[in-house]
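We count ligands from 1, going down the list as the structure has it; atoms in each ligand are counted the same way. The structure displayed is predicted, hence computed values, not measured ones.
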Amino acid sequence: MSSEPPAVASANTQSLTERPAWKALDQHYQAIHNLHMRQLFADDPQRGERFTAEAAGIYLDYSKNRITDETCRLLVQLAEECDLRKRIDAMFSGEHINSTEQRAVLHIALRASEGEQVIVDGIDVVPEVHAVLERMAAFTDQLYNGQWKGYTGKRIRNIINIGIGGSDLGPVMAYEALRYYSRRDMNFRFVSNVDATDFKEATRDISPEETLFIICSKTFTTTETLANAHSARKWILDELADVRAVRKHFVAVSTNAEEVSNFGIDPANMFGFWDWVGGRYSMESAIGLSTMIAIGPDNFRAMLVGFHAMDQHFRTAPFDKNLPVLIGLLGIWYNNFFNSQTIAVLPYDQYLKRFPAYLQQLTMESNGKQVTLNGTRVNYQTSPIVWGEPGTNGQHSFYQLVHQGTRLIPCDFIGFCQTLNPLGNHHDMLMANLFAQTEALAFGKTREEVKAAGTPDWLCPHRSFEGNRPTNTILAERLTPYTLGTLVALYEHSVFTQGTIWNIDSFDQWGVELGKALAKRIVQELETESDLPLKHDSSTNTLMRRYGRFKKPQS
Ligand code: F6P
């Protein structure tokens, strides 16, 4: 890599906190932060209709936020001052906006329709993208019609995806989210953790003869994935006792053909992607092979159409009507002016149970950065901590803190007008809870109201709700592959919007390297039975020695 920092044409150089819009937002915050949503709604009967936006089948109600028209105007001005438009264009046109890795960032090319052009370093990549999709679809058909069989001639019934981070969270989230559309005559499992429990539990009740492993790793050097892949290879060979079986029971998804073949997988059984696809932005590339096998090529394509619809909206809509931009800017408002620390994502749909975990990597690995694009330390907070669970379950665990705790926690509520599983009035109950929560969080219940209901004085403080707790409500008609695509792209682009405002590289992840390097060294030390003095700090040395003493069951 060059010793000179790369020039990033679209990068902005002015300090964020010196920008006129930032300063104006600071002052504006002082003026309005005590305003209550009760007041805002009372003053404007149309508020619940005005502060909304809609695109690609997603309806966003952002009226239950601590904002006025002026807040929105200033946030949009901030986006403009930070050259968001230029950065969006730079991303879509293949500029190397991942500057620390000197790469283009083009997950949007993965969902471009055939015939569109996306140029990376002078080459239109869309035909390659569609060629891989075709191969994935052909492979899926072969599994379905039994042309691709296991080594002993049995049909493949079990698909096990081995990968971690973006090579796991996207596939597992998409499988769970779209399970309704999935083949019920096949099992889909996901092994990520190097803790052998993950692998053992995934394989304990299935036959190697009917099992296909998809080894997903962009780099094909990730130690956890390779450890699990080697254990999978052994598991297959222990049963089938012929190295030729590997061909029929392993395929790989990677950008690294050399390492794939070093592992022993025939590159003919490899599905490729490209270094301009970040791991956490890869679920609709070949990394989504398990998704395609689960839901079928047509549904997979419908998901890509959903992604693409949101991409187009993000690229073209004015900022004040642009869903990812609005969500991103509202996040900035709470993170940087209200100093909120976290954001909760609360899907009212059991199928989206892994969506918050997926968003954790997307958001925190992208924007958990402490230096700007030019390497100077930021003097403002960057990524919030993202967490969440499906409703209504969360209501019976952590919502207490969201309603009455001392912290301000902006929440995104996600719901669907139609259920995929009609059963009595369950869906009305589910959605009633979603609407009730956002209403309760915004408006609360005053001491006077509590008292008027007959509550004794001493109990009133405990039973009062301050309210004024911000929420976004994201409503779509029905959870379909298309909708999932729009939802994921919505969050991808809102993360990018925030990274642009914070002037950081949202597409690298250097922060994971140190722990990886240390673990490599420590595992060797743990495996060598030597009395050589350990050279870590006294805490790490003592822990390792204790582990060494007790790692074998004591007789
Ligand atoms: O360690 C972090 C990370 O590099 C993620 O960014 C990535 O999604 C994950 O590891 C897995 O990487 P790979 O697909 O190369 O195995």
Self-check item: atom 15 (O) of ligand 1: the protein heavy-atom neighbour that sits closest, reported with distance to 0.1 Å
Solution: Thr219 OG1, 2.6 Å
Quiz item: Arg315: what forms a salt bridge (charged side-chain N to carboxylate O under 4.0 Å, His left out) with it, not counting sequence neighbours?
Solution: none
Practice problem: Give the residue and atom name of whichever protein heavy atom lies nearest to atom 12 (O) of ligand 1, and the separation in Å to one decimal. | Solution: Thr222 OG1, 3.5 Å
Quiz item: atom 8 (O) of ligand 1: which protein heavy atom is closest, and how many Å away?
Solution: Gly166 N, 2.8 Å
Quiz item: Thr221 pairs by side chain to side chain donor-acceptor pair (under 3.5 Å) with which of Thr223, Thr219, Thr225?
Solution: Thr219
Quiz item: So does Glu513 have more than 12 non-hydrogen atoms from other groups sitting under 6.0 Å from CD?
Solution: yes
Quiz item: Which residue holds the protein heavy atom closest to atom 4 (O) of ligand 1, what is that atom called, and what is the gap in Å?
Solution: Lys516 NZ, 3.8 Å
Exercise. Please work out whether any backbone atom (N, CA, C, O) or any side-chain heavy atom from C-beta onward of Lys218 is under 4.0 Å from ligand 1, and answer side chain, backbone, both or neither.
Key: both
Quiz prompt | Closest approach of any protein heavy atom to atom 11 (C) of ligand 1, naming residue and atom | solution = Ile164 O, 3.2 Å
Practice problem: Please list, chain by chain and in numerical order, all residues satisfying salt bridge (charged side-chain N to carboxylate O under 4.0 Å, His left out) with Asp275, sequence neighbours excluded. | Solution: Arg103
Exercise. Without swapping roles, check the side chain of Asn299 against the backbone of Thr480 for a donor-acceptor pair under 3.5 Å.
Key: no
Quiz item: Applying a strict 4.0 Å limit to heavy atoms, is Gln361 in contact with ligand 1?
Solution: yes
Quiz item: Are Leu16 and Trp502 close enough that some pair of their side-chain heavy atoms sits under 4.5 Å apart?
Solution: yes
Self-check item: Nearest protein heavy atom with distance in Å, relative to atom 6 (O) of ligand 1
Solution: Glu365 OE1, 2.7 Å
Self-check item: Contact partition for Val512 relative to ligand 1, non-hydrogen atoms under 4.0 Å
Solution: side chain
Quiz item: Do Thr483 and Thr486 touch side chain to side chain, with heavy atoms closer than 4.5 Å?
Solution: yes
Exercise. Considering the heavy atoms of Ser217, write down every atom of ligand 1 situated less than 4.0 Å from one of them.
Key: 13 (P), 14 (O), 15 (O), 16 (O)
